[in-house]
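What follows is a short report on a single structure.
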There are 2 protein chains.
Amino acid sequence: MVKSQGIKMSDTPVCQVNCIHEDVVNRLKPDINRIEGIAYIFKALADDTRVKIIYALSQAELCVCDVAALINSTKAAASYHLRLLNHMGLAKYRKDGKLVYYRLADQHIGNLVSEMIKVRSVKEND
Amino acid sequence: MVKSQGIKMSDTPVCQVNCIHEDVVNRLKPDINRIEGIAYIFKALADDTRVKIIYALSQAELCVCDVAALINSTKAAASYHLRLLNHMGLAKYRKDGKLVYYRLADQHIGNLVSEMIKVRSVKEND
DNA sequence: TTTACAATCAAATAATCCCTTGACTATTAT
DNA sequence: ATAATAGTCAAGGGATTATTTGATTGTAAA
């Protein structure tokens with residue numbers, strides 16, 4: 001049972017992965033290697049707090065403290081997420097006196113969220 | 001400037017959040033509260049490795065070591081993600097001898113990923 | 001000018017998540 | 001039976017990310 005004791009065990013394999021279906025794997029590999037950074041967009045939606053914010057902004061332009069009230073959080077937390085969405089290019093803002101109003105940069109992401117909400121509520125009524 | 005020295009400062013506010021637009025906030029609040037677990041789905045896509053796996057599975061049924069080879073990882077890592085997708089109801093598997101073949105539970109998510117890839121490659125050619 | 005408040009920022013903590021490692025199960029072949 | 005290989009599982013490290021706290025900036029009103 002001893003494992004590394006001289007180089008036995010029929011010369012342990014060099015690469016750990018010996019895939020079973022080389023043909024398919026080789027065909028898909030180039031495509032796969034080109035996939036990079038796609039998840040980035042989905043990360044924006046991978047958090048319930050941000051989904052709530054995106055939905056809210058799809059319905060109305062809101063200031064930071066409105067958003068904080070909606071998601072039951074501090075203004076700092078709301079500000080954090082709004083800034084994040086802004087840096088990702090998903091939200092924009094305008095200043096008006098003391099207030100900062102946020103809105104969606106475009107409605108696509110809002111629609112995506114709305115669709116997901118619909119899909120889920122359909123599934124619930126089974 | 002001393003801060004908590006007797007209860008002055010015009011009786012510091014009870015709740016930290018005073019939202020500015022009560023009407024809008026009150027209107028949206030019920031909707032927002034119902035949003036819970038939507039991010040769950042998006043989490044599946046919030047990781048480049050899983051995006052690759054989902055794309056691969058949308059093209060062919062694959063065993064674990066094929067997937068490992070495709071994403072340049074160990075079998076344990078591939079298994080981890082496949083199990084995760086399975087638990088989320090996004091992937092299914094069948095056993096055949098020593099092998100376990102995974103496939104997408106339905107093509108919707110595969111289409112979503114493919115669309116995202118297309119969108120991105122269009123943007124690249126600007 | 002002073003006070004109040006919206007918003008942001010920085011630092012620290014808390015929570016999450018991906019991946020590695022090594023052990024384990026199950027199936028096939030020698 | 002023994003060995004080899006596909007796959008899974010549990011524990012832990014390491015990295016990223018969410019949230020809290022307290023201080024700071026900027027604007028508006030008293």
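Predicted model only: the values in this text are computed from it and were never measured. Letters A, B, ... mirror the listed sequences (proteins, then strands); counts begin at 1.
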ring-ring contact (aromatic ring centres under 6.0 Å, His included) partners of residues 54-98 of chain A, not counting sequence neighbours, each pair once: Y93(A)-Y102(A)
Sugar-phosphate, base or nothing in reach of K95(B), heavy atoms under 4.0 Å: nothing
I need the [atom1]-[atom2] distance between [X] and [N], as an integer number of Å.
{"X": "D48(A)", "N": "dT17(D)", "atom1": "CG", "atom2": "P", "result": "17 Å"}
{"X": "H21(A)", "N": "dA6(D)", "atom1": "NE2", "atom2": "C1'", "result": "12 Å"}
{"X": "L84(B)", "N": "dA10(D)", "atom1": "CG", "atom2": "P", "result": "14 Å"}
{"X": "N72(A)", "N": "dA18(D)", "atom1": "CG", "atom2": "P", "result": "18 Å"}
{"X": "D47(A)", "N": "dA15(C)", "atom1": "CG", "atom2": "P", "result": "15 Å"}

Using a cut-off of less than 4.0 Å, is there contact between a side-chain N or O of [X] and OP1 or OP2 of [N]?
{"X": "H81(A)", "N": "dT19(D)", "value": "yes"}
{"X": "T49(A)", "N": "dT19(D)", "value": "yes"}
{"X": "R50(A)", "N": "dT17(D)", "value": "no"}

Short side-chain to backbone donor-acceptor contact, [X] and [Y], under 3.5 Å:
{"X": "K29(B)", "Y": "A69(A)", "value": "yes"}
{"X": "D48(B)", "Y": "I38(A)", "value": "yes"}
{"X": "R50(B)", "Y": "A44(B)", "value": "yes"}

Position toward the 5' end of DNA chain D (nearest nucleotide), A77(A) or K43(A): K43(A)
Position toward the 5' end of DNA chain D (nearest nucleotide), A46(A) or D96(A): A46(A)
Joint hydrophobic cluster, Y101(A) plus V64(A), side-chain heavy atoms closer than 4.5 Å: no
Joint hydrophobic cluster, L112(A) plus I54(A), side-chain heavy atoms closer than 4.5 Å: yes
Under 3.5 Å, which N/O atoms of the protein pair with N/O atoms of nucleotides 7-12 of chain C?
residue : atom : partner : partner atom : Å
dA7(C)  : OP1  : V64(A)  : N            : 3.4
dA7(C)  : OP1  : V100(A) : N            : 2.8
dA7(C)  : OP1  : V100(A) : O            : 3.3
dA7(C)  : OP2  : V64(A)  : N            : 3.4
dA7(C)  : OP2  : C65(A)  : N            : 2.8
dT8(C)  : OP1  : Y102(A) : OH           : 3.0
dT8(C)  : OP2  : S79(A)  : OG           : 2.6
dC9(C)  : OP2  : R83(A)  : NE           : 3.2

Euclidean distance, C63(A) SG relative to L99(A) CG, rounded to 0.5 Å: 5.0 Å
